[in-house]
2 protein chains.
Amino acid sequence: MNILTRMQDALRRFKAQIFQALAHPTRIAIIEALRDGELPSSRLMALLKVEQPNLSQHLAVLRAKHIVVNRKVGNQVYYAVRDPVLIDVLDLLRKYFNSHLAETKAMLGEMAPRGRRRP
Amino acid sequence: MNILTRMQDALRRFKAQIFQALAHPTRIAIIEALRDGELPSSRLMALLKVEQPNLSQHLAVLRAKHIVVNRKVGNQVYYAVRDPVLIDVLDLLRKYFNSHLAETKAMLGEMAPRGRRRP
DNA sequence: TTAGTATATTCATAACTTCGCATGTACTCA
DNA sequence: TGAGTACATGCGAAGTTATGAATATACTAA
């Protein structure tokens, strides 16, 4: 197996890892919330309405893939998207979503929030 | 909860599903192989060097999300990427990969094909 | 019809992901 | 020092995904 093939395999595994890291609604919401700049974890928690340990775990996933970076300021930890190209990726997918809206309606139906009902 | 919020949630779930579908090296290789047009399943099998049932299962994942479309011609089934915007997404990630190459070298090490890690 | 080729599906098992809960760490301020 | 805040980590249950092996379906050609 030559070195070029191996490089391409590595690149595919890399892409797959990035996709995997982005493959969760909460993590996508995190990226979107950070679109215009950094925010402290506490602010994300308030915006996304998720439990603190859960948010922290999702942030850990994004950190592990270097999708977000963080800096500590006193008591708080500010998070930011490392590379805006990921925002572009999300924007492309919004376009994709819109241009196939009719065809994906069925899919959306099956994507209803799991077992959630009026409280 | 208002309708706009609900729509945004749906969009995020949709994006997450697309990312999940793309989150596998073999499926990424499929998309890349189809970059310049449709190919029959048999050709994909030869290119990717995977077992036939395995390829078929990955194609089923991509079909379920309408990422690829297929048409039957006699004995064979031709597959094509439905929307070239997904090719653009992969290209963006290649850019991303290249611009962070140094920083992701460590990550690449951990991404070696399973079971080749040293203690 | 039968044999052969191309592709899809089913099944079992193993590996991974997600969540809530409990706990741990790090920092601030009195 | 101690109490409080902000965030991270470890754990176990439940659910999801990936794989190879076996089998099924669909089409072609003789």
Side-chain angles (χ1 to χ4, degrees), chain A residues 9 12-13 16-30 33-34 38-65 67-80 107 110-116, chain B residues 9 12-13 16-30 33-34 38-65 67-80 110-117:
Chain A
D9 284 354
R12 278 186 209 110
R13 285 195 298 275
Q17 296 239 350
I18 301 295
F19 283 133
Q20 179 58 50
L22 296 176
H24 193 286
T26 299
R27 295 196 289 267
I28 290 174
I30 291 172
L34 299 177
E38 66 177 12
L39 289 177
S41 192
S42 55
R43 185 94 187 86
L44 287 172
M45 205 170 88
L47 284 172
L48 309 192
K49 298 184 183 69
V50 294
E51 296 301 312
Q52 184 273 321
N54 193 0
L55 173 64
S56 195
Q57 283 174 352
H58 284 300
L59 286 171
V61 171
L62 295 174
R63 251 187 293 125
K65 300 302 185 306
I67 291 171
V68 299
V69 292
N70 58 339
R71 69 188 181 97
K72 237 178 152 163
V73 177
N75 228 358
Q76 306 200 116
V77 180
Y78 283 77
Y79 278 90
M107 236 173 109
E110 291 154 23
M111 278 156 43
R114 299 180 192 176
R116 193 158 121 288
Chain B
D9 285 354
R12 276 184 212 112
R13 286 195 297 278
Q17 297 238 352
I18 301 296
F19 283 134
Q20 179 58 51
L22 296 177
H24 193 286
T26 299
R27 295 197 289 266
I28 290 175
I30 291 172
L34 299 177
E38 65 177 11
L39 289 178
S41 190
S42 55
R43 185 94 187 86
L44 288 172
M45 206 169 86
L47 284 173
L48 309 193
K49 298 184 182 70
V50 295
E51 296 300 312
Q52 183 274 320
N54 193 359
L55 172 64
S56 193
Q57 285 176 104
H58 285 301
L59 286 171
V61 171
L62 295 174
R63 252 187 292 127
K65 300 303 185 308
I67 290 171
V68 299
V69 292
N70 58 340
R71 70 188 181 97
K72 236 178 153 163
V73 177
N75 227 0
Q76 307 200 116
V77 179
Y78 283 77
Y79 278 89
E110 290 155 23
M111 276 157 43
R114 296 181 190 178
R116 219 177 51 94
R117 208 164 313 177

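Because only heavy atoms are used, hydrogens play no part in the values below, and waters and symmetry mates are left out as well, while side chains stay in. Keep in mind that this is a model prediction, so the values were computed, not measured. Throughout, protein chains are lettered first and strands after them, A, B, ... in sequence-line order, and every chain is numbered starting at 1.
Close to D/dT16, at under 4.0 Å from its OP1 or OP2, lies no side-chain N or O of A/His24. Dashed line: the shortest gap from a side-chain N or O of B/Asn75 to OP1 or OP2 of C/dT5 is not under 4.0 Å. Taking side-chain N and O atoms only, B/Ser42 has a distance below 4.0 Å to OP1 or OP2 of C/dT7.
For the pair B/Gln57 (side chain) and B/Pro53 (backbone), a donor-acceptor distance under 3.5 Å is present.
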Please assess B/Leu44 against B/Val50 for the test side-chain contact (heavy atoms from CB on, under 4.5 Å), listing each intermediate value before the final yes or no. CA-CA 9 Å; B/Leu44 288 172; B/Val50 295; over 6 Å; no
Do B/Gln76 and B/Ser41 pass the side-chain contact (heavy atoms from CB on, under 4.5 Å) test, and can you show the C-alpha distance, the side-chain angles, and the key distance before you say yes or no? CA-CA 7 Å; B/Gln76 307 200 116; B/Ser41 190; over 6 Å; no
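To the nearest angstrom, P of D/dT9 lies 18 Å from CD of A/Glu51. Across the protein-nucleic acid pair, A/Asn54 atom CG and D/dA8 atom P stand 13 Å apart, rounded to whole Å. When rounded to the nearest whole Å, the span between CG of B/Leu55 and P of D/dA18 equals 14 Å. Nucleotide C/dA6 holds its P atom 14 Å from the CG atom of B/Leu44, rounded to whole Å. If you take CD of A/Gln76 and C1' of D/dA8, they are 15 Å apart, rounded to a whole angstrom. Rounded to whole Å, atom P of D/dT17 lies 17 Å from atom CZ of A/Phe19. Rounded to an integer number of Å, the gap from NZ of A/Lys49 to P of C/dG20 is 16 Å. One can place NE2 of B/His58 at 16 Å from P of C/dT7, the figure rounded to the nearest angstrom.
If you check every strand for non-hydrogen atoms under 4.0 Å, A/Tyr79 touches sugar and phosphate atoms only. Contacts of B/Ser56 with the nucleic acid, taken as non-hydrogen atoms under 4.0 Å apart, include base atoms. Nucleic acid contact class of A/Arg27 (heavy atoms, under 4.0 Å, all strands): sugar-phosphate only.
The side chain of B/Gln20 lies closest to D/dT17 when the candidates are C/dC27, D/dT17, C/dT18. Checking D/dT9, C/dT18, C/dA8 against the side-chain heavy atoms of B/Asn70 singles out C/dA8 as nearest. When distances are taken from the side chain of A/Pro53 to each of C/dA8, C/dC19, C/dC21, the shortest belongs to C/dC21.
Judged by atom type and distance alone, B/Gln52 reaches the base of C/dA8 through a side-chain donor-acceptor pair under 3.5 Å. Scanning atom types as modelled, no donor and acceptor separated by under 3.5 angstrom connect the side chain of B/Gln57 and the base of C/dA8.
Using a 4.5 Å heavy-atom cutoff, the side chains of A/Asn70 and A/Leu59 are not in contact. Contact annotation: the side chain of B/Val69 never approaches that of B/Tyr79 to less than 4.5 Å [non-hydrogen atoms, C-beta and beyond].
Each of A/Val73 and B/Val77 was assigned the nucleotide of DNA chain C with the nearest heavy atom; the assignment lying further toward the 5' end belongs to B/Val77.
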